Asker: 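Below you will find the structure I want to go over with you.
A quick note: this is a predicted structure, and the numbers were derived from the prediction, not measured. Residue numbers start at 1 and run along the sequence shown.
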Amino acid sequence: MTELVRPPACRRNRPDPLPGSAGAPAAATHLVDKNPLNLSCIPLLLRALPQARILVLRRDPLDACFSNLKELFQGGAYPYSYALEDLASHCRNVRRWTAHWASAAPGAVRVVDYEALAREPEQVAASLLEFLGLPAHAGLHDIAANTTPVSTASSSQVRQAVHDRSIGAWRRYAVQLQPLLRMLEDAP
């Protein structure tokens, strides 16, 4: 899903990242694209958009895998999410890839800890705004008040206040997820 961020959330302090982007209003200054498959495009994005800032949300591996496993994605999206072996492999690869790019391009790629964001949203948001070069503004943390259309698997969740109830959700199914746990622990 792609969203355009408009003032007052942002200020123009560098060239428009995607001049003439399809459907982009003239007042848009930043592009937010939340497609998880964009991780594989990090090298291309860094070359094509050297001013880009990339945020990668990192979650506890078992929570991330469980969240994917329990979701039936539309149109067969994310086919790795339907088998434990594929989930474990994908999770390991994403973590390695993310760690590599966060280390190789620390000024452009920032890993955001999901658990810290859920527990301390104001502090994490302040750090992210600094990294992104964006000013703070009133209402930033009140995500439940945002009425922008959302068409992702988490559409109902984005209408709730930030919370930490999903942290450790996999534990309710710990017995059933033991094979996944072993695969993640045996990671090279």
Asker: Would Cys91 and Leu184 count as a side chain to side chain contact (heavy atoms under 4.5 Å, CB included) if you check the C-alpha gap in whole Å, the side-chain angles of each, and the deciding distance to 0.1 Å?
Answerer: CA-CA 8 Å; Cys91 183; Leu184 290 171; 4.1 Å; yes
Asker: Please round to the nearest 0.5 Å and tell me the distance separating atom CG of Leu49 and atom SG of Cys41.
Answerer: 11.0 Å
Asker: Show the numbers, then the answer: is there a side chain to side chain contact (heavy atoms under 4.5 Å, CB included) between Arg58 and Tyr114?
Answerer: CA-CA 6 Å; Arg58 180 184 56 212; Tyr114 174 93; over 6 Å; no
Asker: Take Leu69 and Trp170 through the side chain to side chain contact (heavy atoms under 4.5 Å, CB included) test and state the conclusion after the steps.
Answerer: CA-CA 10 Å; Leu69 184 63; Trp170 71 271; over 6 Å; no
Asker: Step by step, work out the side chain to side chain contact (heavy atoms under 4.5 Å, CB included) result for Asn38 and Ile54.
Answerer: CA-CA 10 Å; Asn38 284 341; Ile54 299 169; over 6 Å; no
Asker: State, to 0.1 Å, how close Pro179 and Gln176 come at their nearest heavy-atom pair, and which atoms those are.
Answerer: CD-O, 3.5 Å
Asker: May I ask you to test the Val112-Val124 pair for a side-chain heavy-atom distance under 4.5 Å?
Answerer: yes
Asker: First locate atom CE of Met183, then atom CG of Leu180, and finally report the distance between them rounded to the nearest 0.5 Å.
Answerer: 5.5 Å
Asker: Using the ring-ring contact (aromatic ring centres under 6.0 Å, His included) rule, collect all pairs that involve residues 45-70, keeping only residues at least two apart or in two chains.
Answerer: Phe66-Tyr173
Asker: Treating Asp86 as the side-chain partner and Tyr82 as the backbone partner, does any N or O pair qualify as donor plus acceptor under 3.5 Å?
Answerer: no
Asker: Give a yes or no on whether the backbone of Ser67 and the side-chain of Glu71 come within a donor-acceptor separation of less than 3.5 Å.
Answerer: no
Asker: Between Val111 and Ile167, is there shared hydrophobic-cluster membership here, with clusters defined by ILVMFWY side-chain heavy atoms closer than 4.5 Å?
Answerer: no
Asker: Aromatic rings Tyr78 and Phe73: how do their planes relate, parallel, tilted or perpendicular, breaks at 30° and 60°?
Answerer: perpendicular
Asker: Looking at Leu57, is its backbone amide N or carbonyl O close enough to the side chain of Arg110 to form a donor-acceptor pair, meaning the two atoms are under 3.5 Å apart?
Answerer: no
Asker: Once rounded to the nearest 0.5 Å, what's the spacing between atom OG of Ser127 and atom CD of Glu120?
Answerer: 11.0 Å
Asker: Tell me, yes or no, whether the heavy-atom count around Glu130 atom CD, taken from other residues, nucleotides or ligands under 6.0 Å, exceeds 12.
Answerer: no
Asker: Tabulate below the donor-acceptor pairs under 3.5 Å that side-chain atoms of residues 97-108 make, not counting sequence neighbours, or state none.
Answerer:
from, atom 1, to, atom 2, distance (Å)
Trp97, NE1, Leu39, O, 2.6
Thr98, OG1, Val94, O, 2.8

Asker: If only atom types and distance count, is the side chain of Asp63 paired as donor or acceptor with the main-chain N or O of Gly168 below 3.5 Å?
Answerer: yes
Asker: Can you measure from CG (Leu84) to CD (Gln178) and round to the nearest 0.5 angstrom?
Answerer: 11.0 Å
Asker: Hey, could you give me the CG/OG distance between Asp60 and Ser166, rounded to the nearest 0.5 Å?
Answerer: 12.0 Å
Asker: If I take atom CZ from residue Arg53 and atom CG from residue Leu128, how far apart are they, to the nearest 0.5 angstrom?
Answerer: 13.0 Å
